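Structure first, then comments.
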Amino acid sequence: MSQTAPIAPVVAEEFAEAFAEEFAKPRAPAPAMPPQAPLAMPVQDLRTAPKPARRGGGGPLAARLFVFGGALLLTAYGAWQMYEVISVSGGATWLQYLLLVLFVLNFSWIALAFTGALVGFATLLRSGAAGPMPTRLTTRTAVVMPVYNEGSARVFAGLQAMHESVAATGLGAHYDWFVLSDSTKADAWVAEERAFRQLREELGPDARLYYRHREKNHHRKAGNIAGFVTGWGGAYDHMLVLDADSLLTGECIVRLTAAMEADPNAGIVQSLPLIVNRNTLFARLQQFAARIYGPVIATGLSVWSGRDGNYWGHNAIIRMAAFAEAAGLPDLKGRPPFGGHILSHDFVEAALIRRAGWGVTMLPRLEGSYEESPPSLIDLAVRDRRWAQGNLQHARVIGAAGLAPASRQHFATGIAGYVASPLWLAQLVIGLIIVLQTAWVRPEYFSAEFGLYPVWPRFDPVRALQLFALTMGILLAPKFLGLFLALLDARVRQASGGAGRLTLSFLIEILLSALIAPIAMVVQSGSVFQILAGRDTGWNPQRRDDGSIPLSDIVRRHRWHTLLGVVTGIGAFAIATSLFLWMSPTILGLVLAIPLSWASGQLAFGLALKRRGLLVTPEEETPPPIARRAGELAARNAARGFDDADALAALHADPELARDHAAMLPEGRSRPRGQIDPDHTLARAKIVEAETLPEAQGWLSQRERFALLHDRALLDQLTRLRPA
């Protein structure tokens with residue numbers, strides 16, 4: 001014992017040194033993604049209908065007969081009344097017949113919305129309370145959030161708030177969380193990685209939070225989701241698809257999952273997202289309208305669609321097997337805007353899943369599903385330009401073999417939503433031409449063709465006024481039905497400022513919407529004409545933050561709308577004072593396009609109404625806890641400055657971040673011989689030439705920075721540069 005005693009301290013000291021040395025070694029980062037679980041996702045053939053292995057679709061015949069039969073009868077009545085208006089002299093000119101056709105097309109659109117709203121209104125009148133909260137789940141669900149050059153502070157705040165809310169239900173073990181990045185800007189990409197590392201550290205190793213970035217955003221969001229399904233979909237029963245601004249409570253997520261588990265033939269279950277956290281004037285109009293009128297329209301759609309419903313691309317749960325089996329999107333022949341990859345993929349995915357025999361349903365009364373909206377009229381126009389192209393592209397898909405009739409109707413509704421604007425514009429123009437002809441052009445009462453009576457280009461003013469009143473009543477009826485339901489619901493009524501303020505808010509929304517409508521008509525008409533002329537929109541990230549647009553940009557975008565309003569007003573007044581008064585809402589909206597668009601993005605106007613209790617929604621009066629939590633987390637995340645940091649500087653200053661970034665890059669990046677990537681080649685040349693970080697920052701373009709961040713060797717070269 002006396003001989004071995006002195007050895008113990010030496011051994012202990014050597015062990016301590018070895019442990020310290022081992023601990024000091026850089027630890028391998030935890031994988032950013034779980035092990036792959038591939039799932040086949042064949043591309044679908046639109047020309048051949050598959051034989052469905054199940055019968056999960058269908059809808060209530062009575063509701064469909066009421067909605068479509070009622071709309072048809074209303075349209076027939078409106079067409080008859082319009083014919084009586086134009087044929088008061090015993091006949092009609094060809095221009096008047098053209099006006100009749102345009103009127104029927106436009107009237108049928110609002111008649112269908114009216115009859116659908118009646119069904120929704122009747123359903124909501126007798127709706128009951130939600131069932132008990134599920135306490136047990138048996139499946140695994142991947143919660144996927146595709147992002148594209150978004151602010152990481154907001155994205156990861158919402159994700160953390162949802163993660164915490166699901167964990168609070170006690171069923172968090174059934175969910176894995178994925179951020180699927182398609183970002184093409186180096187700064188946004190690195191900010192996402194920093195936010196991901198930070199959140200993963202906060203939530204701990206059991207959070208099951210993952211991140212993946214694609215080098216090429218092939219097929220955009222649809223390709224991003226499809227890439228996840230084919231790589232990891234085999235490990236999950238469902239996926240809950242989010243947008244970057246989505247926010248769902250834990251109870252909502254669990255109820256969506258339970259609804260999917262309870263219905264083995266369901267392919268998609270869609271929730272109804274309400275708009276929250278909006279403060280500009282325009283966004284508050286959208287928020288109020290979505291809250292008060294949206295449930296009436298969505299419930300009507302849900303009732304007549306039944307199990308042949310639609311999918312809006314987010315805030316919905318999808319059965320992984322159904323999506324992989326049926327939703328592989330083909331490229332359309334030809335070039336964009338009508339060819340190439342399918343832009344508005346969600347409608348098509350729903351239609352193909354329904355074609356395969358799966359059900360597609362909606363839960364419009366499920367609470368706890370939220371989203372945000374564009375902050376200004378111009379922001380809406382930018383988003384609508386992409387949506388218009390995607391919906392018009394559906395004209396190439398609506399005739400696909402084997403689609404359910406309701407799926408074709410969803411396509412037709414989306415197409416009509418954008419074609420309606422040029423049809424309305426054409427109706428106004430034809431009406432003006434006829435009035436001009438009546439006032440200034442001598443009619444040819446006795447043409448070369450034989451007739452007993454002359455054709456007088458006249459209108460029946462009394463019947464025209466009655467038809468106008470009918471049209472306005474049908475157009476505004478869904479809003480009045482929504483207001484009536486809100487006034488009946490004591491909780492909604494009180495949280496919206498009381499009956500008086502709620503009614504005043506309703507009138508403000510109608511007035512401002514009426515002024516904005518002519519501007520939106522001209523903007524959407526321009527978008528449709530551009531698409532028909534073959535101009536592709538591309539895919540730009542959506543601006544989500546509140547804030548105004550520079551006045552110079554507003555003037556540039558709306559100057560022609562203002563000029564059109566002035567010219568139309570002068571022309572109408574010169575023809576007849578009555579015509580000017582008749583067209584005054586349209587003329588006024590166009591003349592005021594610049595100030596209206598400017599005001600739409602102003603926080604001050606929106607907040608002023610909010611302080612007076614106007615355009616207030618229940619979710620604003622009593623914010624959902626998850627929205628408050630997401631706001632707190634977003635403010636905390638923003639203070640960290642990830643979104644404001646330069647990607648190269650962040651990687652240079654933090655070796656662990658650079659190591660983790662390199663570890664998250666896909667393996668085996670290679671290029672075919674003879675194909676040179678100019679951005680990568682220039683990035684390599686510049687980073688080799690640079691001696692300091694500022695030199696590299698000054699020399700590298702945005703595309704070259706992005707290429708550098710995909711190359712481990714160039715990344716290592718970056719970290720070796722001198723700070724200055």
Side-chain angles (χ1 to χ4, degrees), residues 39 41 44 50-61 63-64 123 130-144 166 171 174-175 225-226 228-229 233-242 246 248 251-273 298-328 345-369 402-407 409-410:
L39 187 62
M41 188 172 175
Q44 300 300 300
K51 286 188 176 182
R54 62 199 62 79
R55 294 182 177 273
L61 180 60
R64 293 182 177 184
T123 303
M133 174 68 177
T135 58
R136 181 176 177 271
L137 296 174
T138 60
T139 54
R140 295 189 68 202
T141 299
V143 183
V144 297
V166 170
L171 298 171
H174 294 272
Y175 299 89
I225 295 291
F228 171 78
V229 171
Y236 301 97
D237 301 284
H238 321 124
M239 65 175 172
L240 179 70
V241 181
L242 309 175
S246 294
L248 285 81
E251 179 176 345
C252 178
I253 291 174
V254 169
R255 286 185 181 276
L256 282 171
T257 310
M260 186 65 81
E261 288 189 356
D263 185 355
N265 287 324
I268 301 177
V269 180
Q270 172 73 60
S271 68
L272 173 62
T299 302
L301 174 63
S302 172
V303 171
W304 75 254
S305 295
R307 298 179 61 80
D308 299 339
N310 209 355
Y311 166 47
W312 297 332
H314 58 94
N315 292 37
I317 192 167
I318 303 175
R319 190 176 303 277
M320 195 71 78
F323 195 84
E325 171 195 333
H345 55 92
D346 40 12
F347 279 36
V348 182
E349 289 161 349
L352 293 178
I353 287 175
R354 174 62 194 88
R355 182 177 75 162
W358 299 95
V360 179
T361 61
M362 182 189 301
L363 299 179
R365 286 172 282 180
L366 177 62
E367 297 182 351
S369 178
L403 296 184
S407 297
Q409 175 59 38
H410 296 317

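Position 1 is the first residue of the sequence; numbering continues from there. Predicted, not measured: the structure shown is a model, and the values here were computed from it. These numbers come from the heavy atoms of this one structure, side chains and all, not from hydrogens, waters or symmetry mates.
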message: Can you tell me if Arg54 has over 12 outside heavy atoms packed within less than 6.0 Å of its CZ?
response: yes

message: Counting C-beta onward and ignoring hydrogens, is there a side-chain heavy-atom pair between Ile268 and Phe323 closer than 4.5 Å?
response: no

Distance (rounded to the nearest 0.5 Å) between Asp346 CG and Trp312 CH2: 10.5 Å

statement: Test side chain to side chain contact (heavy atoms under 4.5 Å, CB included), reference Thr257, set His174, Arg140, His238, output is His238

- prompt: Counting N and O atoms only, with roles assigned by atom type, does the side chain of Arg64 sit under 3.5 Å from a partner on the main chain of Ser305, one being a donor and the other an acceptor?
  reply: yes

message: Here's a test for you: under side chain to side chain contact (heavy atoms under 4.5 Å, CB included), which of Ile253, Leu171, Leu248 qualifies with Val166?
response: Ile253

statement: Taken in chain and number order and not counting sequence neighbours, the residues that satisfy side chain to side chain donor-acceptor pair (under 3.5 Å) with Ser246 are Asn315

task: Check whether any side-chain N or O of Ser302 sits under 3.5 Å from a backbone N or O of Ala298 as a donor-acceptor pair, and report yes or no.
output: no

field: Ring centers of His410, Trp304 separated by less than 6.0 Å
entry: yes

Under the side chain to side chain donor-acceptor pair (under 3.5 Å) test, residues paired with His314 that sit two or more places apart: Glu371

task: Working to the nearest 0.5 Å, report the span between CG of Leu240 and CD1 of Ile318.
output: 8.5 Å

- prompt: Do Gln44 side-chain atoms and Glu325 backbone N/O form a donor-acceptor pair below 3.5 Å?
  reply: yes

message: List the residues meeting ring-ring contact (aromatic ring centres under 6.0 Å, His included) with Tyr236, not counting sequence neighbours, and say none if there are none.
response: Phe178

- prompt: If you measure from CZ on Phe228 to CG on Leu39, what distance do you get to the nearest 0.5 Å?
  reply: 10.0 Å

- prompt: Can any side-chain N or O of Glu261 pair as donor or acceptor with the backbone N or O of Thr138 at less than 3.5 Å?
  reply: yes

- prompt: For Glu251, which residues count as a side chain to side chain donor-acceptor pair (under 3.5 Å) partner, sequence neighbours excluded?
  reply: Arg255

- prompt: side chain to side chain donor-acceptor pair (under 3.5 Å) with Asp263: which residues, sequence neighbours excluded?
  reply: Arg307

field: Heavy-atom check, side chain of Tyr175 versus side chain of Leu137, under 4.5 Å
entry: yes

query: Hey, mind stepping through Val229 and Met320 against side chain to side chain contact (heavy atoms under 4.5 Å, CB included) and telling me if it holds?
result: CA-CA 8 Å; Val229 171; Met320 195 71 78; 3.8 Å; yes

- line: Residues pairing under salt bridge (charged side-chain N to carboxylate O under 4.0 Å, His left out) where one sits in residues 347-365, two or more places apart or in two chains, turn out to be Asp308-Arg354

